[in-house]
K.L.:
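Quick one: the structure is below, and I'll ask about it shortly.
Numbered from 1 within each chain, the chains take letters A, B, ... in sequence-line order. Below, each value reflects all heavy atoms present in this structure, side chains not excepted, and no hydrogens, waters or symmetry copies.
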Protein chains: 2
Amino acid sequence: MTNQHYGQFCGLARAAEIVGQRWTLLILRDLSVGPQRYSDLVSGLPGIPTNTLASRLKELEEEGIVERLAPSSGERAVVYRLTPRGEELGPAMDALSRWGAGGMRTPRDGEIVTTASIAAALKVAAGDGIVPEDWDAAYTVRVGEVETHLIMRDGVITVGPGAAEAPDLVITAGPQIRDLLAGELDADTAIATGAVKLEGDASLFARFADTLHVPYSPNVPA
Amino acid sequence: MTNQHYGQFCGLARAAEIVGQRWTLLILRDLSVGPQRYSDLVSGLPGIPTNTLASRLKELEEEGIVERLAPSSGERAVVYRLTPRGEELGPAMDALSRWGAGGMRTPRDGEIVTTASIAAALKVAAGDGIVPEDWDAAYTVRVGEVETHLIMRDGVITVGPGAAEAPDLVITAGPQIRDLLAGELDADTAIATGAVKLEGDASLFARFADTLHVPYSPNVPA
DNA sequence: CTGGATCCTCAACGATACTG
DNA sequence: CAGTATCGTTGAGGATCCAG
């Protein structure tokens, strides 16, 4: 609406007019794991002013990036969902996510972890999502209160919110799971030190740790 | 410094704290084509308030993304340059650029084209930059007042600011060059209608038009 | 001339309260 | 549940000025 423009006929400038708005990238991240209600977004984005969320959603709807689905009969809640155009942002968000993750060492004071952020981290860690065809494993990853599932099947990895239906392995961890994904903590040590707890087929953990990687950047300043 | 934080231990959130700042993405785009002086940045970013540019550069320096090179003896100007960590943003910026370009139809009123934006468009159009090993051609692309060079050699494409040293072909065009890159204007028509003017080995133009593509997204709303 | 710093204004953001 | 309304605060925009 009253979106700020840069006055340049340039793809990056156009993109920046959208994703350069405060909170917008995080809203899109949350929507990228699945359709969400207004209240889901509020709870996944601690600290967002409700009026800011409302106006961002309105802007994104006008831009054709998000669609607002009025409660159809039977349903009782408004739901927001990415449009196909919104889904196209996936590669860019993954690239940003990967870059940002490369600079993360330890959580800053008071920083929290949300469902969507774990899902994003696992998605980035999954990389191109290609694994051997004969792998067939369902994982539930639990960090704090949130659960994410990760399935390796038919040669691809899929990541999403919520527990797996019939997980072969449930992994419970703290934020140290990031060190594991960064490759700075190996699977055996993670288990030995109690950084992760496993329930189910623990032999599947090595495969998890070996396959998923979000490396730290060697170029971050002290 | 007084950078706004999102309070989430998440790569995308960390990235958003940087690139979500107004003007920052465009500053980084300009720096991505090469080191720039303060005044180069000012002229490549029409409308940026000088204090905003100054504080962005300071923040980016503190983040280890940009470095400020004091004039060494012999030089007389301060120069800003991406650090290795800053260079790592390239893939994310390319992805955003590609996404934004997919939504661009015609310039909005008063929108301009800068050197860096053409370079970014050509870079995105070059895709993975792989071409047959035996191609060897140097192009200068001139749009308005700005010139960019594009070299296909040794199997890769390189794009940069300024004219090529010994161009085999000089392409002069208006913003319609975007339609060419979008694949909505074929090479012969572009020449026939005068949308582009060629100087040099015109036979190299078909290769240029066939190789470089920034497709429009089919998903943009009307 | 380059590389900023300063000042002022106003639109956008942030926090809280409140409503259909 | 899904937002509006209100109001204080912050940061961008724009012009000008200054030091090396």
K.L.:
Are R142(A) and E147(A) ion-paired here, with the side-chain N under 4.0 Å from a carboxylate O?
P.N.:
yes
K.L.:
OP1, OP2 of dG14(C) versus side-chain N and O of T52(A): anything below 4.0 Å?
P.N.:
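So the side-chain polar atoms of T52(A) do come within 4.0 Å of the phosphate oxygens OP1 or OP2 of dG14(C), strictly under.
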K.L.:
Does this structure show an ion pair linking E67(A) with R81(A), if we count only N-O contacts that are shorter than 4.0 Å?
P.N.:
yes
K.L.:
With the side chain of R22(A) defined as its heavy atoms from C-beta on, choose the nearest nucleotide among dA15(D), dG3(C), dC13(C).
P.N.:
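Minimum distance to the R22(A) side chain belongs to dC13(C).
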K.L.:
Atom NZ of K58(A) and atom C1' of dA2(D): how far apart are they, to the nearest Å?
P.N.:
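Value for this atom pair: 11 Å.
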K.L.:
Could you tell me how the ring of Y38(B) sits relative to the ring of Y80(B): parallel (under 30°), tilted (30 to 60°) or perpendicular (over 60°)?
P.N.:
tilted
K.L.:
Over how many whole Å does the gap from R56(B) atom CZ to dG4(C) atom C1' extend?
P.N.:
16 Å
K.L.:
Between Y139(B) (side chain only) and I171(B) (backbone N and O only), is there a donor and an acceptor less than 3.5 Å apart?
P.N.:
no
K.L.:
Nearest whole angstrom, please: distance from the P of dG3(D) to the CD of Q36(A).
P.N.:
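From Q36(A) CD to dG3(D) P: 14 Å.
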K.L.:
Return the nearest nucleotide to the side chain of N51(A); candidates are dA5(C), dT2(C), dG14(C).
P.N.:
dG14(C)
K.L.:
In whole Å, what is the span from the CG atom of D40(A) to the P atom of dG3(D)?
P.N.:
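Value for this atom pair: 12 Å.
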K.L.:
One pair to check against side-chain hydrogen bond (donor to acceptor under 3.5 Å, both in side chains): R108(B) and Q8(A). What are the steps and the verdict?
P.N.:
CA-CA 9 Å; R108(B) 290 191 286 241; Q8(A) 302 198 6; over 6 Å; no
K.L.:
Rounded to the Å, how far apart are L69(A) CG and dC1(D) P?
P.N.:
18 Å
K.L.:
Closest approach to the side chain of R68(A), judged atom by atom: which nucleotide of dG3(D), dT16(D), dA12(D) is it?
P.N.:
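It is dG3(D).
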K.L.:
Just compare dA2(D), dA12(D), dG4(C) and give me whichever is closest to any side-chain atom of Y38(A).
P.N.:
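Looking only at side-chain atoms, Y38(A) lies closest to dA2(D).
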K.L.:
Starting at atom CD of E17(A), determine the distance to atom P of dA12(D), rounded to an integer number of angstrom.
P.N.:
16 Å
K.L.:
Between dG3(D), dT2(C), dC1(D), which nucleotide gets closest to the side-chain atoms of A77(A)?
P.N.:
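Given the options dG3(D), dT2(C), dC1(D), the side chain of A77(A) is closest to dC1(D).
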K.L.:
Just to be sure I understand the rule, does R76(A) reach a base, reach only the sugar-phosphate, or reach nothing, if contact means heavy atoms closer than 4.0 Å?
P.N.:
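The residue R76(A) makes no contact with any strand.
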K.L.:
Which sits closer to the 5' end of DNA chain C, Q21(A) or T50(A), going by the nucleotide each is nearest to?
P.N.:
Q21(A)
K.L.:
Separation of L57(A) atom CG from dC1(D) atom C1', in whole Å?
P.N.:
14 Å
K.L.:
Between C1' on dC13(C) and CD1 on I27(A), what's the gap in Å once rounded to a whole number?
P.N.:
13 Å
K.L.:
Which nucleotide, dA12(D), dG4(C), dG3(C), lies nearest any side-chain atom of Y80(B)?
P.N.:
dG4(C)
